[in-house]
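One is the number of the first residue; the rest follow in order along the sequence.
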Amino acid sequence: MIDQLEQMLASAEAVLFDFDGPICSVFDGYPARQITRELRELAGTVRHDLDDALHKANSPHDLLLAAAADPQLAAVLERALQIAELRAVDTARPTPGAAESLTACQSSGKLVAIVSNNYADAVAHYLANTGLATRVDHVEGRDPTDPTLMKPSPHLIDNAARALGVPPSVCVFVGDQTSDMEAGRTAGARTIGYANKPGKADALAIAGAEILIATMAEVAAAID
């Protein structure tokens with residue numbers, strides 16, 4: 001497996017990283033569950049007839065998707081989530097091995113991008129605060145005008161590859177969600193599944209992960 005990881009990364013011109021998980025735990029100090037509750041309460045002030053999808057959404061991004069058909073509500077929730085994510089990254093917990101992985105990619109001459117369903121400015125804010133901004137060539141966050149373009153859509157990966165000036169086929173995408181693997185596979189990128197919690201490995205493999213890792217330090221070691 002180590003040889004396969006080394007070979008995959010050696011052949012890549014660009015390495016793309018999901019943000020929440022591979023780089024940091026975004027909602028470590030400001031839980032996603034709390035943000036979801038706050039956004040749902042806000043939605044109730046805009047629309048008094050919340051449908052089942054809005055009631056059942058169990059994450060902030062699920063709420064955005066549930067509101068996508070209502071442009072007014074979607075815009076209100078998007079702005080509120082942007083503010084929440086900017087607050088959340090101030091208490092985000094860095095993922096061990098993430099900084100080393102970004103450094104190794106940069107040192108080896110590979111292009112680096114963050115591809116995230118999170119707000120791009122929140123990602124950039126975290127990178128600046130942690131001294132990692134110079135190790136990342138591009139940040140591709142969700143489209144604030146259309147939540148349906150979040151992963152598992154390949155849209156963000158396609159945009160990131162275009163911004164880097166390379167085709168997705170020479171990119172490796174590291175993510176910890178099945179939606180990451182689906183997006184990477186659909187875009188034509190190689191995929192590494194970061195199985196950072198029990199039970200994730202099988203789900204990531206089924207979703208399209210070509211290689212599974214348990215720590216981000218494995219990425220840095222495979223490049224070094």
Validation row: [X], [Y] side chains within 4.5 angstrom (heavy atoms):
X      : Y      : answer
Leu54  : Leu73  : yes
Leu64  : Arg142 : yes
Lys197 : Asp176 : no
Asp18  : Val174 : no
Glu182 : Gln177 : no
Arg87  : His125 : no
His138 : Glu140 : yes

Inset, instruction - Spell out, yes or no, whether Leu111 and Leu156 are grouped together once hydrophobic residues are joined by side-chain heavy atoms under 4.5 Å, including indirect joins. - result: yes
Inset, instruction - Would you kindly confirm whether Leu16 and Leu149 end up in one hydrophobic cluster when ILVMFWY residues are joined by side chain heavy atoms under 4.5 Å apart? - result: no
Side chains of [X] and [Y], donor plus acceptor under 3.5 Å:
X      : Y      : value
His55  : Asp51  : no
Asp121 : Tyr119 : yes
Arg79  : Gln82  : yes

[atom1] of [X] to [atom2] of [Y]: how many Å apart, nearest 0.5 Å?
X      : Y      : atom1 : atom2 : value
Cys105 : Phe17  : SG    : CZ    : 4.0 Å
Ile206 : Thr178 : CD1   : OG1   : 10.0 Å
Ile223 : Leu102 : CD1   : CG    : 9.5 Å
Phe173 : Ile192 : CZ    : CD1   : 10.5 Å
Arg37  : Leu63  : CZ    : CG    : 12.0 Å
Thr91  : Arg93  : OG1   : CZ    : 11.0 Å

Legend entry - Other residues, nucleotides, ligands: >12 heavy atoms within 6.0 Å of Arg33 CZ: no
[X] side chain to [Y] main-chain N or O, any donor-acceptor pair under 3.5 Å?
X      : Y      : result
Glu210 : Thr191 : yes
Ser25  : Phe27  : no
Arg190 : Val172 : no
His155 : Met150 : no
Gln34  : Tyr30  : no
Ser179 : Pro152 : no
Lys110 : Cys171 : no
Asp28  : Ala92  : no
Glu41  : Glu38  : no

Legend entry - With Ser101, the side chain to side chain contact (heavy atoms under 4.5 Å, CB included) member among Met216, Arg135, Gln106: Met216
Inset, instruction - Answer with yes or no after comparing the ring centroid distance for Tyr126 and Phe19 against a 6.0 Å cut-off, counting only values under it. - result: yes
